[in-house]
*Asks:* 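Shown below is the structure under consideration.
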Amino acid sequence: QVQLVESGGGLVQAGGSLRLSCAASGRTFSSYAMGWFRQAPGKERDFVAVISRNGVSTYYADSVKGRFSISRDNAKNMVYLQMNSLKPEDTAVYYCAQSRSSWGDPEVKSYDYWGQGTQVTGSS
């Protein structure tokens, strides 16, 4: 059984930074792409970033490009999301997810395991 546990969320002023972490267990971590998604109250879950199984390829939503950075450490079964220049509109619950594939894509349906989420609140 795959388990994904996010940490690192919190309240941060506009322009500040946070680093989210996701610890994975249960199947060969290095075989699968990993993604970050977010969901604001009353809205659908949106794609944020994805990283391929070996960390070579990354892809970002336009709304976070240039501000957020996804990375992974396959030796530690960890994936990270560095968030800089945070804006109030970044406020959401952030979810870590494991893809069914090694390359990953932005579609929610392509991910079969999800963490419980961590709240990020950007204050103005």
Side-chain angles (χ1 to χ4, degrees):
Q1 182 71 14
V2 173
Q3 285 193 322
L4 303 174
V5 180
E6 302 97 335
S7 60
L11 173 67
V12 61
Q13 286 189 333
S17 298
L18 278 177
R19 188 173 89 148
L20 305 183
S21 299
C22 173
S25 62
R27 65 181 181 181
T28 307
F29 179 74
S30 59
S31 295
Y32 301 94
M34 297 294 297
W36 286 96
F37 291 76
R38 65 186 182 186
Q39 189 167 17
K43 296 188 176 181
E44 293 184 349
R45 191 168 297 190
D46 290 332
F47 167 76
V48 174
V50 61
I51 187 166
S52 61
R53 68 173 182 87
N54 58 7
V56 171
S57 297
T58 58
Y59 180 69
Y60 298 91
D62 288 344
S63 58
V64 306
K65 201 172 294 182
R67 299 188 298 122
F68 291 11
S69 178
I70 187 171
S71 61
R72 66 189 295 162
D73 184 338
N74 286 346
K76 297 181 178 179
N77 287 6
M78 297 289 295
V79 62
Y80 307 98
L81 185 68
Q82 178 67 43
M83 305 185 294
N84 299 327
S85 303
L86 279 161
K87 304 175 181 179
E89 51 263 44
D90 294 319
T91 295
V93 176
Y94 282 71
Y95 296 91
C96 167
Q98 190 169 70
S99 174
R100 296 187 178 91
S101 71
S102 61
W103 60 88
D105 64 62
E107 300 296 325
V108 169
K109 63 183 179 182
S110 298
Y111 296 79
D112 50 3
Y113 292 100
W114 296 81
Q116 83 287 350
T118 186
Q119 177 71 46
V120 172
T121 303
S123 64
S124 56

*Asks:* Measure across Ala14 and Ser124 and return the closest heavy-atom pair with its distance rounded to 0.1 Å.
*Replies:*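 Minimum heavy-atom contact is CB-CA, 4.4 Å.
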*Asks:* Within the 4.5 Å heavy-atom criterion, are Ser21 and Lys76 side-chain neighbours or not?
*Replies:*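 A side-chain contact under 4.5 Å is absent here.
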*Asks:* Working to the nearest 0.5 Å, report the span between OG of Ser102 and OH of Tyr32.
*Replies:*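 These two atoms lie 9.5 Å from each other.
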*Asks:* Which Ile, Leu, Val, Met, Phe, Trp or Tyr residues join Trp103 in one cluster when any pair of side-chain heavy atoms under 4.5 Å counts as a link?
*Replies:*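 Answer for Trp103: none, a lone residue.
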*Asks:* Taking 4.0 angstrom as the limit, do Asp90 and Lys87 come out as a salt bridge?
*Replies:*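 Salt bridge between Asp90 and Lys87, a charged N being under 4.0 Å from a carboxylate O: no.
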*Asks:* When you compare the side chain of Arg72 with that of Asn54, does any pair of heavy atoms fall below 4.5 Å?
*Replies:*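 Heavy-atom side-chain distance check fails, nothing below 4.5 Å.
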*Asks:* Hey, are the side chains of Arg38 and Val64 touching, using non-hydrogen atoms and a 4.5 Å cut-off?
*Replies:*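 Touching, per the 4.5 Å side-chain cut-off.
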*Asks:* Using the six-membered ring wherever Trp is involved, compare the ring planes of Phe47 and Tyr59 and label them parallel, tilted or perpendicular (cut-offs 30° and 60°).
*Replies:*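 Correct class here is parallel.
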*Asks:* Do you know which two heavy atoms are closest between Cys22 and Leu4, and how far apart they sit?
*Replies:*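 Reported closest heavy-atom pair: SG-CB, 4.0 Å.
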*Asks:* Considering all heavy atoms of both residues, which atom of Ala92 and which atom of Ala40 are nearest to each other, and what is their separation?
*Replies:*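 So the minimum-distance heavy-atom pair works out to CB-N, 3.8 Å.
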*Asks:* Is any side-chain heavy atom of Met78 closer than 4.5 Å to a side-chain heavy atom of Phe29?
*Replies:*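 No. Closest side-chain heavy atoms not under 4.5 Å.
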*Asks:* What is the distance from atom CD of Gln3 to atom CG of Asn77, rounded to the nearest 0.5 Å?
*Replies:*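 That separation rounds to 12.5 Å.
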*Asks:* Which value, rounded to the nearest 0.5 Å, describes the distance between Gln119 atom CD and Leu11 atom CG?
*Replies:*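 It comes to 9.5 Å.
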*Asks:* Assess whether atom NZ of Lys109 is packed by more than 12 heavy atoms of other residues, nucleotides or ligands within 6.0 Å.
*Replies:*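 Count not over threshold, so no.
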*Asks:* Would you say that Arg67 contacts Met83 through its side chain, given a criterion of any heavy-atom pair below 4.5 Å between the two side chains?
*Replies:*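 Arg67 vs Met83: side chains apart.
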*Asks:* Kindly give the heavy-atom pair with the smallest separation between Ile70 and Tyr60, and that separation in Å.
*Replies:*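 Taking every non-hydrogen atom into account, N-OH, 2.9 Å.
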*Asks:* State, to 0.1 Å, how close Ala49 and Leu81 come at their nearest heavy-atom pair, and which atoms those are.
*Replies:*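 Smallest heavy-atom distance, with atoms named: CB-CD1, 4.3 Å.
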*Asks:* Could you tell me if the side chain of Val50 sits less than 4.5 Å from the side chain of Ser99, heavy atoms only?
*Replies:*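 No; the side chains remain at least 4.5 Å from each other.
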*Asks:* For the residue pair Phe68 and Leu20, establish whether any side-chain heavy-atom pair is separated by less than 4.5 Å.
*Replies:*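 When only atoms from C-beta onward are counted, Leu20 and Phe68 do not touch, as no gap falls below 4.5 Å.
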*Asks:* Can you tell me how far CH2 of Trp114 sits from CD of Glu6, rounded to the nearest 0.5 angstrom?
*Replies:*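 It comes to 10.0 Å.
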*Asks:* Identify whether Val2 and Val79 are in the same connected component of the hydrophobic contact network (ILVMFWY, side-chain heavy atoms under 4.5 Å).
*Replies:*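 Yes, Val2 connects to Val79 through the hydrophobic network.
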*Asks:* Consider ring-ring contact (aromatic ring centres under 6.0 Å, His included). Of Tyr95, Tyr94, Tyr111, which one does Phe37 pass it with?
*Replies:*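 The ring-ring contact (aromatic ring centres under 6.0 Å, His included) with Phe37 is passed solely by Tyr111 among Tyr95, Tyr94, Tyr111.
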*Asks:* Excluding sequence neighbours, so at least two apart, what forms side chain to side chain contact (heavy atoms under 4.5 Å, CB included) with Ser71?
*Replies:*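 Partners of Ser71 by the side chain to side chain contact (heavy atoms under 4.5 Å, CB included) criterion, ordered by chain and then number, come out as Tyr80.
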*Asks:* Starting at CZ of Arg100, measure out to CG of Asp105 and round the result to the nearest 0.5 Å.
*Replies:*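 The CG atom of Asp105 is 10.0 Å from CZ of Arg100, to the nearest 0.5 Å.
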*Asks:* Below 4.5 Å, heavy atoms only, C-beta onward: do Ser30 and Arg53 meet side chain to side chain?
*Replies:*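 No, too far: nothing below the 4.5 Å cut-off.
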